[in-house]
Protein chains: 2
Amino acid sequence: MASTPADVKELPSAYEFVLDMPGLKSGDIKVQIEDENLLVITGERRRDVEKDKEDGMYLKIERRMGKFMRKFTLPDTANLEAIFAVCRDGILTVTVKKLPPPDQKKPKMIEVKIA
Amino acid sequence: MASTPADVKELPSAYEFVLDMPGLKSGDIKVQIEDENLLVITGERRRDVEKDKEDGMYLKIERRMGKFMRKFTLPDTANLEAIFAVCRDGILTVTVKKLPPPDQKKPKMIEVKIA
């Protein structure tokens with residue numbers, strides 16, 4: 001299964017996964033969480049069969065077609081309930097929000113009594 | 001200058017050049033004819049500077065940015081006055097119509113007179 005280039009960025013409140021997916025539409029792409037913290041992105045790129053029927057003949061074929069997959073292990077701070085995916089101009093952006101930081105334990109003040 | 005994969009197809013009435021251009025919009029791409037029959041396609045891919053200002057930090061960078069160019073020599077049958085370019089879902093399609101075939105010279109009939 002083929003791959004596709006990706007950038008991964010950490011923002012203050014989220015992780016962002018940006019993948020090149022020229023020609024793919026939202027319906028062609030699947031974004032899933034497996035094994036609790038594995039972000040799995042799969043898709044399939046097909047040639048336009050209808051157009052190919054128009055008696056066309058390829059003089060050159062460089063663009064790769066077929067299935068592809070990318071996997072990313074999410075950190076513990078990822079909020080698996082807040083994942084959003086948008087595909088635009090052939091680029092998929094998956095945003096995984098971070099969990100709010102745990103309440104910082106305030107130092108406990110102990111009153112010093114005068115003996 | 002970088003390259004980008006292309007398919008070239010010959011249809012009955014046109015040549016079709018299909019290039020992967022994820023993330024590029026029509027305004028980022030230039031399609032020109034040089035030296036009478038050279039189809040030159042140039043573009044530039046940039047990271048989203050505004051988004052990068054959001055205090056983000058790249059954990060992984062695989063997607064290539066920068067300028068790219070592709071050149072194709074057009075055959076004599078290409079109609080340089082009928083070239084159309086469309087960019088959609090990160091794919092550029094340039095269609096170059098073919099010139100109509102030259103009129104076939106009809107055999108000239110010579111009447112055979114009876115001497």
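In the text below, chain A, chain B and the rest are named by the order of the sequence lines, each starting its count at 1.
The 12-atom threshold is exceeded at NZ of B:Lys98, counting heavy atoms of other residues, nucleotides or ligands nearer than 6.0 Å. The neighbour count for B:Glu81 CD, taken as heavy atoms of other residues, nucleotides or ligands under 6.0 Å away, does not exceed 12. Within 6.0 Å of CD on A:Glu34 lie more than 12 heavy atoms contributed by other residues, nucleotides or ligands.
When each of B:Ala6, B:Cys87, B:Gly23 is checked for heavy-atom pairs under 4.5 Å with chain A, B:Ala6 comes out on top. The greatest number of non-hydrogen atom pairs below 4.5 Å with chain A, out of B:Leu59, B:Leu19, B:Ile61, is found for B:Leu59. When the candidates A:Met57, A:Arg63, A:Glu10 are compared by the number of heavy-atom contacts under 4.5 Å with chain B, A:Arg63 comes out ahead. Your options are A:Lys60, A:Lys25, A:Met21, A:Arg88, and the one with the most heavy-atom pairs under 4.5 Å with chain B is A:Lys60.
Contacts between B:Arg64 and chain A at a heavy-atom distance below 4.5 Å are absent for every atom of the residue.
In terms of hydrophobic clustering, with Ile, Leu, Val, Met, Phe, Trp and Tyr side chains grouped at heavy-atom distances under 4.5 Å, A:Leu99 and A:Val96 are assigned to different clusters. Under the 4.5 Å side-chain heavy-atom criterion for ILVMFWY residues, a single connected hydrophobic cluster contains both A:Leu39 and A:Leu80.
At least one donor-acceptor pair under 3.5 Å links the side chain of B:Asp7 to the backbone N or O of A:Glu62.
Of the listed residues (A:Ile91, A:Leu92, A:Val18), just one forms a side-chain contact (heavy atoms from CB on, under 4.5 Å) with B:Pro22, and that residue is A:Ile91.
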